Every structure is written in C-alpha cells, then in structure tokens.
Amino acid sequence: SYDRTKLYGVRYETDKTHYHWFVPGRAQLQAKIDATLPGTVNTVISTSADEQVMIVHAASDRDPGTYYVLDLRAPRLMALGKINRFINPAQMQPMEPIQFTARDGLVIHGYLTRAAGANGRPAPLIINPHGGPFGVRDSWGFNAEVQFLANRGYSVLQLNYRGSGGYGFKFQEAGKREWGGKMQDDLTDGVKWAIEQKLADPARIAIYGGSYGGYAALAGAVFTPDLYKCAVNYVGVSDLNLITSWGRGRFGRSDDQFY
C-alpha cells in the first residue's frame, strides 16, 4: 500500500513476471488492466496517496514500454508517453523461454531470440552470458542490444547458467568455484543444444558478454576454441588471482570460494 501498512501481493519471476494478489480488489484491478492492455506485463509503479490515481507501465519482449495514467475516479486509462517512440514492436523479435538438461543432469533455463528472417532455418548464433555472476539472471523483456543483433541476422541465446539467481539457493551455490568449470559447461551445452535443435549454424557461432560474461567469452575461446568463430570480452574479468586479491583487500577475507 502507499503508506506501507498493508501487503497487497507479491511479484515473482519464473520464465516471465507474474503477480499473486492477497487482496481480491487488487486482483480484480490487475485483471481489468491486463484485459485493457493485452500482450504486455503491466505494473503499477506509483500511486497517489489515496490510491485513486496510478501510473502503469506496460511493456513486453518487443516493446520497451508505455506509461499510462489510470484514474479510478473516472475511471479511465490515458497514455502518458512511450519510452521509445521510434521502436516498432511489429519489427522486433520475440524472446522465447527455453530449457535443456546439462551434461550432469541439471536443468538450465534461458531465452532465445531468433534472427530476423531466419524463417525456421539455422542462423548465426551469439551466446550472450550475463554478468555477475552469482544471484544475477537474464529476464524476459525488451533488450535493445539483443534486438539490434537479431535485426542484423543473429540469433541470441541468453542462459541462466548455474550460479544465476531466481532458481533457488542450491542452484546458485552450484556455481561456486565453477568459473571455467561447470558454469562454462552449461554455456557449451546450451550451444550444442541449439545446434541439435537446428536453431544455430554450427559454423557461425560467437560468444559475447560483459563482466563475468566477458570472462566466459575468454574461457569459451580457450577451452572450446572449435566451437566459436569469434569471442568478445566487454569489461570482463581476465585475472582471477587479481580479482581475489582485490576481494581480500576490500573485505578483509578471501573470496576464493566464489571463483
């Protein structure tokens, strides 16, 4: 609630964002908003003190979003403005939730954005591991960089490898001390899955990421050089001993167990 004295509901994330409301009135309101704005994830991001006027953000994997003013006294829903009026959702590519089983039996989830014009044929693939790595995850929604790459003819695979957040404590802990190990295997297995599904051209695969994703790009080039035609490290870690010593100096302890 506006005054923070009542818990109306919770927002949670699986393959997409969902809501569970404890208050029937808010559940009914959400249902009305969703019926009025189909095909988007609709979030009340701000309200007036009496909760009669609300700001609603509506967005999807192909649309960065539009802000609306919802006046419950009228009632009426008025468009306030688009985040980017130059984006045409009809020209964007959908972000598809996917999953596969890694070599040790662990189920890995992620997202595939197919190359524009692929039309069901294997396409050049860029695997794009997220940074962090622990507790961070890729989520369903509009990603301008991914859409740019898809528009240029590349499919993009984003995997929530072990260590990522949102899949439970054990899944996150499974990534500890697995830099270049099982975390990297998850990415490799994801690429092989895409090839087996005839989504990716095995002769045209690249790995690109930032921060930990940059480390993963370097590791991919070192450990599986035959898999990738190109590897791009953006602000990525390249010296684990240096990073560990920095952690000791800053926190007064060793963070070796994380790497």
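Every value quoted in this text rests on a predicted model; they were computed, and no experiment measured them.
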Tell me if the CZ atom of Phe22 is crowded by more than 12 foreign heavy atoms within 6.0 Å.
yes
Heavy atoms only: give me the nearest Ala216-Ile207 pair and the separation to one decimal.
O-CD1, 3.5 Å
Search all heavy atoms of Pro97 against all heavy atoms of Asp15 and return the closest pair with its distance.
CB-CB, 3.8 Å
Could you check whether any side-chain heavy atom of Leu157 comes within less than 4.5 Å of a side-chain heavy atom of Leu125, counting everything from C-beta outward?
yes
Rounded to the nearest 0.5 Å, how far apart are CG of Leu159 and CD1 of Ile108?
8.0 Å
Tyr161 and its ring-ring contact (aromatic ring centres under 6.0 Å, His included) partner, picked from Phe134, Phe171, Tyr212:
Tyr212
Do the side chains of Tyr111 and Val156 get nearer than 4.5 Å, heavy atoms only?
no
Do any N or O atoms from the side chain of Ser46 and from the backbone of Ile55 form a donor-acceptor pair under 3.5 angstrom?
no
same_hphob_cluster(Leu106, Trp193) at 4.5 Å side-chain heavy-atom cutoff
yes
Once rounded to the nearest 0.5 Å, what's the spacing between atom CG of Leu218 and atom CZ of Phe223?
10.0 Å
Given side-chain hydrogen bond (donor to acceptor under 3.5 Å, both in side chains), test Glu51 with Tyr8 step by step and report yes or no.
CA-CA 12 Å; Glu51 299 185 349; Tyr8 289 158; 2.8 Å; yes
Measure the CD-CG distance between Glu96 and Asp61 for me, rounded to the nearest 0.5 Å.
9.0 Å
Ser1 side-chain N/O to Lys6 backbone N/O, donor-acceptor pair under 3.5 Å:
yes
Examine Tyr234 and Ile126 and state if one hydrophobic cluster contains both, with Ile, Leu, Val, Met, Phe, Trp and Tyr joined whenever side-chain heavy atoms are less than 4.5 Å apart.
yes
Going hydrophobic residue to hydrophobic residue with side-chain gaps under 4.5 angstrom, can you get from Phe148 over to Leu112?
no
Heavy-atom distance under 4.5 Å between the side chains of Lys82 and Ile87, does that happen here?
no
Could Asp50 and Arg73 be called an ion pair, given the rule that one side-chain N must be under 4.0 Å from one carboxylate O?
no
Is Lys176 paired with Glu173 through a side-chain N to carboxylate O contact shorter than 4.0 Å?
yes
Only one of Thr43, Leu70, Thr40 clears side chain to side chain contact (heavy atoms under 4.5 Å, CB included) with Ile33; which?
Leu70
For Ala102 and Arg162 the tightest heavy-atom approach is CB-NH2, 3.9 Å
In Å and rounded to the nearest 0.5 Å, what is the CG to CH2 distance from Leu29 to Trp21?
8.0 Å
Report yes or no: do Leu240 and Met183 belong to one cluster of Ile/Leu/Val/Met/Phe/Trp/Tyr joined by side chain heavy-atom distances under 4.5 Å?
yes
May I ask you to test the Val44-Arg26 pair for a side-chain heavy-atom distance under 4.5 Å?
yes
Spacing of Thr36 atom OG1 and Leu77 atom CG [to the nearest 0.5 Å]:
6.5 Å
Between Tyr208 and Tyr154, is the ring centre distance below 6.0 Å?
no
Looking at Phe169, I want to see if its CZ is surrounded by more than 12 non-hydrogen atoms of other residues, nucleotides or ligands under 6.0 Å.
no
I'd like to know if the side chain of Asp189 and the backbone of Arg103 have a donor-acceptor N/O pair within less than 3.5 Å.
yes
Is it true that a side-chain atom of Trp140 and a backbone atom of Met95 form a donor plus acceptor pair closer than 3.5 Å?
yes
Ile45 and Val69: same hydrophobic cluster, using ILVMFWY side-chain contacts below 4.5 Å?
yes
First locate atom CD of Gln93, then atom CG of Asn151, and finally report the distance between them rounded to the nearest 0.5 Å.
8.5 Å
What are the two closest non-hydrogen atoms of Leu227 and Ile205, and how far apart are they?
O-CB, 3.7 Å
Side chain to side chain, Val41 and Lys16, heavy atoms closer than 4.5 Å:
no
Donor-acceptor contact present, side-chain Asn42 to main-chain Leu37, <3.5 Å:
yes
So which atom in Ala59 and which in Gly65 form the shortest heavy-atom distance, rounded to 0.1 Å?
CB-CA, 3.8 Å
Just so I know, are the side chains of Pro133 and Trp179 near enough to count as touching, which here means a heavy-atom distance under 4.5 Å?
yes
Ignoring hydrogens, what is the shortest heavy-atom contact between Thr113 and Gln147? Give both atom names and the distance.
CG2-NE2, 4.4 Å
Quick check: do Met78 and Leu80 have side-chain heavy atoms less than 4.5 Å from each other?
no
Side-chain (Arg85) to main-chain (Gly81) donor-acceptor, under 3.5 angstrom
no
Please assess Tyr167 against Asn160 for the test side-chain hydrogen bond (donor to acceptor under 3.5 Å, both in side chains), listing each intermediate value before the final yes or no.
CA-CA 9 Å; Tyr167 299 94; Asn160 288 322; 2.9 Å; yes
